[in-house]
There are 2 protein chains.
Amino acid sequence: MPKDSTLADVVTLDRYDRQILELLQHHGRINNQELAERIGLSPSPCLRRVRALEDSGLITGYRALVDAKRLGHSLTALLHISMDRHTPERFANFETKVAALPQVQECLLITGQEADYQLKVVVHDMDDYQNLLLNQITRIEGVTGAHSSFVLRRVLEHRPVPSHPDTAY
Amino acid sequence: MPKDSTLADVVTLDRYDRQILELLQHHGRINNQELAERIGLSPSPCLRRVRALEDSGLITGYRALVDAKRLGHSLTALLHISMDRHTPERFANFETKVAALPQVQECLLITGQEADYQLKVVVHDMDDYQNLLLNQITRIEGVTGAHSSFVLRRVLEHRPVPSHPDTAY
DNA sequence: TCTTTTTTTGGCATATAATTCCAATATCAT
DNA sequence: ATGATATTGGAATTATATGCCAAAAAAAGA
């Protein structure tokens with residue numbers, strides 16, 4: 001009989017799995033042969049492990065990263081949104097409306113007296129930002145407040161999730 | 001003679017390039033044959049375009065996404081940090097120290113009276129968070145304030161950067 | 001509009017990589 | 001130590017990537 005487990009169980013990983021996760025988080029399109037070589041395993045078990053990590057849901061997908069500025073999106077902003085009432089309907093409606101805006105890169109439901117959501121948005125310039133904010137976001141039902149911060153510089157981004165238990169302090 | 005251009009020029013893309021960017025931002029590890037088929041081009045020009053997008057710096061890399069919770073990082077927090085003085089040395093030192101913390105997923109220098117930096121961190125639990133905050137982050141020279149928000153739910157994450165000009169409002 | 005020039009494509013040949021299978025090895029529990 | 005279980009490595013096969021070039025398309029010029 002298998003040990004107690006749920007679908008969302010925290011998995012146990014050995015050094016190979018950790019190395020695979022580490023490498024794929026940096027080089028998501030590395031080929032299996034090179035991945036195998038780098039972790040010190042032959043290609044077939046390496047590929048099996050990658051598939052297992054994908055099938056287990058530990059690896060949830062792969063993404064290409066694109067330079068937003070080169071695409072003409074010079075301005076990135078963090079938007080803190082407050083809602084009037086904290087009902088499921090309000091939230092569901094807000095989330096649907098926000099999901100329809102392509103400028104929204106991220107939407108997090110957060111704790112805090114100052115805001116219920118944090119959005120990360122990319123736009124071409126301040127005019128576009130103003131339009132987005134005034135004509136789209138603040139018009140969503142239930143939105144009572146919005147506070148903007150602008151990203152001056154991306155110091156760190158897309159860093160790998162630590163694949164081993166945090167070390168002691 | 002080539003037209004005026006700088007390294008960071010905003011590039012012009014046709015529908016194929018846009019489709020490639022769109023698909024690779026969703027399926028970063030799709031193979032070239034399927035990518036070609038999906039955008040309606042044969043494999044060789046498709047691959048040439050992908051390479052061109054990579055070489056031009058528009059595609060800056062590829063990442064595997066991993067489920068932080070499954071790795072035991074149950075708590076994600078947004079940390080707003082204020083600094084005492086806004087000197088390059090202060091900032092450089094802070095950024096170096098923060099880059100050495102594996103729990104830090106993102107660090108943005110932002111505008112706003114309330115904070116200079118926003119960090120996104122992942123930890124196992126509240127105890128770990130407390131340790132990180134009190135023993136690591138607030139001890140960095142120049143840090144005068146820290147305000148925490150916790151991520152209750154990730155509504156939207158890792159969304160593709162729009163690859164065509166924003167539509168009119 | 002027609003012609004010339006330039007760019008891009010599609011298909012083929014070749015090189016490289018992924019995938020499957022199984023015997024051999026290593027690991028684990030007793 | 002011993003048997004049971006899981007994992008590996010290598011070979012054969014299948015699939016994919018890559019480089020090349022003639023043909024098609026697009027752009028520029030007359």
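Keep in mind it's a predicted model, so treat the numbers as computed, not measured. We name chains A, B, ... by the order of the sequence lines, and we start the count at 1 in each one.
- Here chain A contacts DNA chain D (any atom closer than 4.0 Å to a heavy atom, that is under 4.0 Å), and the contacts span D:dT7 to D:dG10 from 5' to 3'.
- Atom CD in B:Glu34 sits about 17 Å away from atom C1' in C:dA17, given to the nearest Å.
- A close approach under 4.0 Å does occur between a side-chain nitrogen or oxygen of A:Asn31 and OP1 or OP2 of C:dA17.
- Closest approach to the A:Arg51 side chain among C:dT8, C:dT19, C:dC22 is made by C:dT19 (side chain taken as heavy atoms from C-beta onward).
- A donor-acceptor pair shorter than 3.5 Å cannot be found between the side chains of B:Thr60 and A:Arg70.
- Side-chain contact, B:Tyr117 with B:Glu95: a donor N or O sits under 3.5 Å from an acceptor N or O.
- Protein atom CD1 of A:Ile30 is 11 Å distant from nucleotide atom P of C:dA17, rounded to whole Å.
- One can place CD of B:Glu37 at 13 Å from P of C:dG10, the figure rounded to the nearest angstrom.
- B:Glu54 and B:Tyr62 share a donor-acceptor pair across their side chains, judged by distance under 3.5 Å alone.
- Inter-residue side-chain proximity for A:Leu133 and A:Thr138 is flagged as met; some heavy-atom pair is nearer than 4.5 Å.
- Between the CG atom of B:Asp14 and the C1' atom of C:dT9 there is a distance of 12 Å, rounded to whole Å.
- In the displayed structure, B:Glu114 atom CD is contacted under 6.0 Å by more than 12 heavy atoms of other residues, nucleotides or ligands.
- Axis angle, first five pairs versus last five pairs of the helix from C:dT1-D:dA30 to C:dT30-D:dA1: 60°, rounded to 10°.
- Projected onto DNA chain D by closest heavy-atom contact, A:Arg49 and A:Arg29 fall at different nucleotides, the more 5' of which corresponds to A:Arg49.
- Of the residues B:Ile81, B:Leu132, B:Leu101, B:Leu108, the one that meets the side-chain contact (heavy atoms from CB on, under 4.5 Å) test with B:Leu119 is B:Ile81.
- Ion pairing between a basic and an acidic side chain is recognised when a charged N comes within 4.0 Å of a carboxylate O; A:Asp116 and A:Arg90 show no such pairing.
- Atom CZ of B:Arg48 is separated from atom P of C:dT7 by 14 Å (rounded to the nearest Å).
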Candidate pair A:Glu157 and B:Lys120, rule salt bridge (charged side-chain N to carboxylate O under 4.0 Å, His left out), full reasoning: CA-CA 9 Å; A:Glu157 236 180 355; B:Lys120 186 192 279 184; over 6 Å; no
